[in-house]
Amino acid sequence: MWLILTALAAIVTTIVWYVKSPGDRYKLGILSLAFWGATIMWLVDHIMAYAIEGGEFFETSLDATMLGVSVVIFALLIWLVVLLISDPKNVLKTILKKS
Amino acid sequence: MACFVVPGGEAVVATVIQKIIEKSEKKSSLTDSGVKRLTWSRRLSWLNIMLWGGTILLAFEHLWHGEISFVPPFLTAMQTPDEIPVMLHEMATFGTAMAVTITVIWCIIIAIAEIKARHAIKTGTISRVKSAEGGAV
């Protein structure tokens, strides 16, 4: 399930990045590439595990779903930290100057 | 168990190579007969982002499943001698397959970017002086 959710996040971020192009002020290119990297790795892992061990291709338990949601939140959190540190719109700079 | 270590290792090596190439690109000219091309440091940055992003998120998943921990030896399989060969086998098979797949896909991406850049220069969509920098990333 975490593969599906990560792939969905990769597709959505890529679409948003494309719509916002050519500029990449909000570093959505980095976020989408990171999601694609994880998606590809988990896809390889799932295919090899299915071929070698058999069983279900997708694990659809609640734990797997929660993992998928947590992975997306974790990635968005890292992206948010990177964005706030780079502060492309100088929002934090302006706030700090005012205070 | 620790399959993400292999792409993580590749990410470390590729990042070092990228930094070295960036330094040499800054020192030397980037133009070739007046045409700027997609730089190798930018190409490598795409590979590094995919590798690091995947490694970090896979590490999170391994932490979730209890396969890694914040205390030494960090990999829970290392605590049981019987599981160490299994872990190493998984790194050699699954980990290597992940790293190779990401690298192959990256090669395809840069090939497409290069073809598009050359086509754009030929058709005059972009000038010969401006580089086809392959998107905003």
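Proteins get letters first, then strands, A, B, ... in listed order; numbering begins at 1 in each.
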### Task
Please name all residues satisfying side chain to side chain donor-acceptor pair (under 3.5 Å) with A:Ser86, sequence neighbours left out, ordered by chain then number.
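Scan of A:Ser86 (side chain to side chain donor-acceptor pair (under 3.5 Å), adjacent residues dropped) gives none.
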### Query
Among B:Ile105, B:Ile56, B:Leu58, B:Ile102, which has the most heavy-atom pairs under 4.5 Å with chain A?
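When all of B:Ile105, B:Ile56, B:Leu58, B:Ile102 are compared, B:Leu58 has the most.
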Treating Ile, Leu, Val, Met, Phe, Trp and Tyr as nodes and any side-chain heavy-atom pair under 4.5 angstrom as an edge, say whether [X] and [Y] lie in one connected cluster.
X        : Y        : result
B:Val12  : B:Ile17  : no
B:Val100 : B:Leu47  : no
B:Ile112 : B:Trp106 : no
B:Ile110 : B:Trp52  : no
A:Leu84  : A:Leu76  : no

### Message
Strictly less than 4.5 Å between heavy atoms, which residues of residues 60-69 of chain A line up against chain B? Please order them by number.
### Response
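The stretch touches chain B at A:Asp63, A:Met66, A:Leu67.
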### Message
Taking side chain as everything from C-beta outward and backbone as N, CA, C, O, which of these in B:Trp64 sits under 4.5 Å from a heavy atom of chain A? Side chain, backbone, both or neither.
### Response
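Side chain of B:Trp64 only, per the 4.5 Å heavy-atom cut-off to chain A.
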### Query
Can you tell me how far CD1 of A:Ile52 sits from OG1 of B:Thr93, rounded to the nearest 0.5 angstrom?
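Between B:Thr93 OG1 and A:Ile52 CD1, I get 6.0 Å after rounding to 0.5 Å.
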### Query
So how far is it from A:Ile73 CD1 to B:Phe60 CZ, rounded to the nearest 0.5 Å?
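So the CD1 of A:Ile73 and the CZ of B:Phe60 are separated by 8.5 Å.
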### Proximal component of A:Ser70, with respect to chain B [non-hydrogen, under 4.5 Å]
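Backbone plus side chain of A:Ser70, per the 4.5 Å heavy-atom cut-off to chain B.
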### Query
Measuring heavy-atom distances to chain B, does A:Ile47 have an atom under 4.5 Å in its side chain, in its backbone, in both, or in neither?
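Contact with chain B involves no heavy atom of A:Ile47 at all.
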### Best-contacting candidate, A:Trp42, A:Trp36, A:Trp2, against chain B by heavy atom pairs under 4.5 angstrom
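If we count pairs closer than 4.5 Å to chain B, A:Trp42 comes out on top.
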Minimum-distance pair of heavy atoms, taken over all atoms of [X] and [Y]:
X       : Y       : answer
A:Leu33 : B:Met50 : O-CG, 3.5 Å
A:Val44 : B:Ala97 : CG1-CB, 3.7 Å
B:Gly53 : A:Ala34 : CA-CB, 3.8 Å

### Query
Does the side chain to side chain contact (heavy atoms under 4.5 Å, CB included) test come out yes or no for A:Ile40 and B:Met98, once each step is laid out?
CA-CA 7 Å; A:Ile40 292 163; B:Met98 286 177 188; over 6 Å; no
### Task
Please indicate whether B:His89 has more than 12 foreign heavy atoms, meaning atoms of other residues, nucleotides or ligands, lying under 6.0 Å from its NE2.
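It does not: B:His89 NE2 has 12 such atoms or fewer within range.
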### Message
Within the structure provided, determine whether A:Met41 and B:Leu57 are in side-chain contact (heavy-atom separation under 4.5 Å).
### Response
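A:Met41 vs B:Leu57: side chains apart.
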